[in-house]
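Single-structure report; data block below.
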Amino acid sequence: YLRIWALSLAHQQLSLVFFQKTLNMGLEMSFPANGIMLYFMFAAWFGITCAVLLGMDVLECFLHTLRLHWVEFQSKFYKAGGEKFAPFNIRKLLSDSTTD
């Protein structure tokens with residue numbers, strides 16, 4: 001759960017940085033230019049925020065389920081009692097069938 005808490009802190013800091021670099025710049029301009037600039041800055045802020053934060057969330061979910069599969073599920077049911085791997089060999093298969 002500390003991973004999830006750390007990612008939520010990273011989300012907050014990234015959102016703050018994105019806000020300061022885009023929307024805050026548009027708010028500091030003078031009147032006629034700030035309305036037009038805010039329109040474009042909001043689109044940039046929205047696009048960057050959605051892309052980065054959604055990417056982080058998807059990565060978080062993927063890594064969490066991967067950890068659950070490998071650490072918890074596989075360690076309970078894995079019994080190394082299988083057969084030794086023998087790659088497919090057509091010549092050996094044909095020679096065994098002709099000798100029989």
Side-chain angles (χ1 to χ4, degrees):
Y1 293 106
L2 287 175
R3 267 189 317 271
I4 296 169
W5 177 68
L7 277 171
S8 71
L9 287 177
H11 281 128
Q12 190 271 335
Q13 287 299 313
L14 282 171
S15 296
L16 181 66
V17 168
F18 294 156
F19 178 79
Q20 288 173 346
K21 296 296 180 190
T22 56
L23 288 177
N24 213 12
M25 288 173 34
L27 291 172
E28 292 174 354
M29 295 181 144
S30 61
F31 171 64
N34 71 346
I36 298 168
M37 199 55 142
L38 274 176
Y39 180 77
F40 292 111
M41 289 298 185
F42 177 78
W45 171 80
F46 186 76
I48 291 170
T49 302
C50 284
V52 170
L53 297 183
L54 185 66
M56 285 178 65
D57 285 338
V58 168
L59 185 64
E60 172 190 355
C61 294
F62 170 73
L63 290 176
H64 188 66
T65 55
L66 186 68
R67 183 191 69 81
L68 285 174
H69 276 83
W70 281 101
V71 173
E72 296 182 10
F73 185 75
Q74 297 292 347
S75 65
K76 289 181 182 177
F77 304 107
Y78 179 69
K79 305 236 186 301
E83 298 177 11
K84 184 177 177 183
F85 175 71
F88 180 73
N89 189 348
I90 190 69
R91 290 187 183 135
K92 184 178 178 194
L93 183 66
L94 290 174
S95 68
D96 287 346
S97 68
T98 57
T99 58
D100 290 337

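The basis for the numbers below is simple: all heavy atoms, side chains too, and nothing from hydrogens, waters or symmetry mates. Numbers here simply count residues along the sequence, with the first being 1.
You'll find the side chain of Leu59 stays beyond 4.5 Å of the side chain of Met56, heavy atoms only.
Note that CG of Leu9 and CG of Leu14 are 11.0 Å apart. Values are rounded to the nearest 0.5 Å.
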| query | How far apart are the C-alpha atoms of Leu94 and Arg91, what are their side-chain angles, what is the distance that settles it, and do they pass the side chain to side chain contact (heavy atoms under 4.5 Å, CB included) test? | reply | CA-CA 5 Å; Leu94 290 174; Arg91 290 187 183 135; 5.9 Å; no
Identify every side-chain donor-acceptor pair in residues 44-51 under 3.5 Å, counting partners at least two apart or on other chains, and give the distances.
unit_1, atom_1, unit_2, atom_2, d
Trp45, NE1, Thr49, OG1, 3.4
Thr49, OG1, Trp45, O, 2.7

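A donor-acceptor pair is defined here as one N or O able to donate and one able to accept, closer than 3.5 Å; such a pair exists between the side chain of His69 and the backbone of Thr65.
Follow the hydrophobic side-chain contacts under 4.5 Å out from Val52 and you reach Phe42 in the same cluster.
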